[in-house]
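As structure tokens, the structure follows; a few thoughts come after it.
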Amino acid sequence: MGVLFESATALLDRRRLTTVWLPVLVFVGALGTVVVAGVGWGAARVWWGGLGTEGSSALIVALALLTILLGQLLAGCRTDLLRLFSGYWPALPGLTWLGRQMTARHLRVHAGRTGGDPTLFLGYPRRADRVLPTRLGNTLRAAEEHADRYGLDGVAAWPRLYVVLPEQFVAAFSAAATALEAAVTVSVLGAGFALLGGGLAAAALPWYGALACVWGGIGVALLGYRAAARAAVPYAQLVRTAFDVHRFALLEAMRLELPPSFGAEREQWLQLGKVWYSGWPDSDRASALRYPQPAEPAEVSGPHRPAAMVPSGASRQPGPATPSPADAPPAVAAASPADAPPAVVAPGSAGQRRPLPVRAVALVAVLLLGGVAAAAAAGRADGSPVAARSLPAFHVLTAADVRGRPDGNSLGRYTVRAVAKGRPLRTRELGPKLPDGVLVGRSIVALPAAGLADRFGRGARVTLVVVPAAPETGPAAPPERFVDVLVLDRLDRDPYPLVVAVPNTRVDRLLALTAGGAVHVVVD
């Protein structure tokens, strides 16, 4: 039996062993006790003796495998069970009425939340419309919305933040989660025993035995729920601590710059949330994501000598001369002789070397660099605007974005491609001028509008009529209209040839309808 126990527990980690398998083992044992009590203990001993060693061993193995299978199924439903205990109930007539009554009771308690009681402050969400029917659900929701104070969406950020938490914190959090999950499992199995054990007892035991099984299961379920509600308090506190203390670890893992102020942090998390949900930030606030800027190349100042400058008398030496590290300039003092350019062999004098014509090479380089600089200056003098910084796609140009003398037509236009710092702003890379603030409050998305990209140009304001695909069963959904959609670009590739700016209030619905390209988009 000990070997069997070790083999079974080897299949489960310590957390699942505590939270799932041991409660399931007790549950199956309790059901077996009801069955044995129904048939009689003497008859059960006779039946067990008749199985023999092989039969009893096979039965024990089968029961162990059954408990492991039930534990795995129960662990797979862990999230759904926790939501059920939190108060997310299906819309059934009886449950709907019960949910309203329990929510009203918690609303009366929530009304005293502003009185300074820390228990109410930590156990209930801030807004009354967010109150749930159960104490457990309100505790977890209050922790979930704690990240809102930083502009952070707790539901979307938590799975991303958890993978970068330090090991010491993860160990403490796992212990709190284990206590919560174990209490929920015990409560569920208690309710299950009230049903299954009560049914078996009603068929095999007297009425008082069935009543004891039913009320015993209900009592275990209630005690398990109370334990879960108490275990949710330290669990929720650790969730708050993760957001308060370790949220910047997520930014560092994403290679983003840390915000310099509280307002900048809220805007950065807000735009990251839009990237996580819709795949694109607000077009005029993309810089709030705080991607690291490329480092500027260091400017070289002061005269430098070539690393392989050879003295004038070197050609009369038996071999090539190499400057010593002490004689080299600071920039090349650590260079090895292999890194230096080789000496040039003079034509017609085998075995003799002469120094590199440094002055001639330097003069040619100066002339070339001067010509390039003069050409660049002439280009800027001609009025060609140059990007003063790295510009993202679909960015409306302002005076701070342009270096040189703008031609008057660049400002107010928007980029359709990303432009690196110092690159000229060509006409084909710019869209038409837009009214001031027209991109504020809009999100940029690409649509599967095949066959429509050639019907209108950049800057057109259209109304989209989205006709959902007909379902296999049931009537087709009516078409939906999306007004005041701004066309920003037309692409040459399918299936997303059209880039548009949509009001933020409607972008989620538009993305839901066009997901997978299962719709037909026409222009009204």
Distance in Å, L63 CG paired with I68 CD1, rounded so as to fall on 0.5 Å steps: 11.5 Å
Determine the minimum heavy-atom distance between L152 and A157, stating which atoms define it. CD1-CB, 3.7 Å
Test your reading of the model: is there a side-chain donor-acceptor pair from T185 to the backbone of V20, 3.5 Å cut-off? no
Heavy-atom closest contact (Y225 atom, L136 atom, distance): OH-N, 3.4 Å
Going by the rule ring pair (Phe, Tyr, Trp, His ring centres under 6.0 Å), which residues pair with H106 if we only count those two or more places apart in sequence or in a different chain? Y124
Residues 94-104, side-chain donor-acceptor partners within the protein, below 3.5 Å, at least two apart:
from	atom 1	to	atom 2	distance (Å)
T96	OG1	L92	O	2.7
T103	OG1	G99	O	2.7

Name all residues meeting the salt bridge (charged side-chain N to carboxylate O under 4.0 Å, His left out) criterion together with R230; count only those two or more places apart in sequence or in a different chain, and write none if there are none. none
Which word best sums up how the rings of F262 and Y150 line up, parallel for under 30°, tilted for 30 to 60°, or perpendicular for over 60°? perpendicular
Do side-chain atoms of R266 reach the backbone of D148 as a donor and acceptor pair under 3.5 angstrom? yes
Plane angle bin for W276 and W269 - parallel if under 30°, tilted between 30 and 60°, otherwise perpendicular: tilted
Beyond-backbone contact of L189 with V26, side-chain heavy atoms, under 4.5 angstrom: no
Validation row: L223, V186 side chains within 4.5 angstrom (heavy atoms): no
Value rounded to 0.5 Å, distance of CD1 in I218 from CG in L195: 8.5 Å
Working for side chain to side chain contact (heavy atoms under 4.5 Å, CB included), residues L391 and R389: CA-CA 6 Å; L391 301 176; R389 61 186 181 89; 3.9 Å; yes
Indicate yes or no: at least one non-hydrogen side-chain atom of P281 is less than 4.5 angstrom from one of V275. yes
Pairing residues for Y235 by the ring pair (Phe, Tyr, Trp, His ring centres under 6.0 Å) criterion, not counting sequence neighbours: F173
Strictly below 4.0 Å, N to O, side chains only: are R442 and D484 in salt-bridge contact? yes
Suppose the criterion is side chain to side chain donor-acceptor pair (under 3.5 Å): which pairs have a residue in residues 82-93, not counting sequence neighbours? Y88-R141
R481/T463 under side chain to side chain contact (heavy atoms under 4.5 Å, CB included): CA gap, chis, key distance, verdict: CA-CA 7 Å; R481 295 167 60 89; T463 297; 3.9 Å; yes
To the nearest 0.5 Å, what is the distance between CG (L250) and CG (L256)? 8.5 Å
State the CG-CG distance between D282 and N504, to the nearest 0.5 angstrom. 4.5 Å
Using 0.5 Å steps for rounding, measure from the CG atom of L82 to the CD atom of E181. 8.0 Å
Any chance CH2 of W158 has more than 12 other-residue heavy atoms, nucleotides or ligands included, within less than 6.0 Å? yes
Is a side-chain donor or acceptor of N138 paired with a backbone partner of L132 at a separation under 3.5 angstrom? yes
Of all the heavy-atom pairs spanning L140 and A232, show the shortest one and how long it is. CD2-CB, 4.2 Å
Which atoms form the tightest heavy-atom contact between F85 and T134, and what is the distance? O-OG1, 2.9 Å
Please check if the side chain of S187 supplies one atom and the backbone of A183 the other of a donor-acceptor pair under 3.5 Å. no
Please name the pair of heavy atoms, one in L205 and one in V34, separated by the smallest distance, quoted to 0.1 Å. CD1-CG1, 4.2 Å
Given 3.5 Å as the limit, does a donor-acceptor pair link the side chain of T67 with the main chain of L25, or not? no
What's the verdict on side chain to side chain contact (heavy atoms under 4.5 Å, CB included) for V155 and E144, showing C-alpha distance, side-chain angles and the deciding distance? CA-CA 7 Å; V155 176; E144 170 189 313; 3.4 Å; yes
Rounded to the nearest 0.5 Å, what separates atom CG in L196 from atom SG in C213? 11.0 Å
Count the heavy atoms of every other residue, nucleotide or ligand shown that sit under 6.0 Å from CZ of R461, and state whether that count exceeds 12. yes
Tell me if a side-chain donor or acceptor on Q271 pairs with a main-chain N or O of R290 at a distance below 3.5 Å. no
Quick one: which residue pairs count as a side chain to side chain donor-acceptor pair (under 3.5 Å) with a foot in residues 245-255, not counting sequence neighbours? R247-E265
Closest approach of T241 to F169 (non-hydrogen atoms, all atoms of both residues): CG2-CE1, 3.9 Å
Heavy-atom donor-acceptor pair, R130 side chain to R126 backbone, under 3.5 Å: no
Side-chain contact, heavy-atom cut-off 4.5 Å: L434 with Y414? yes
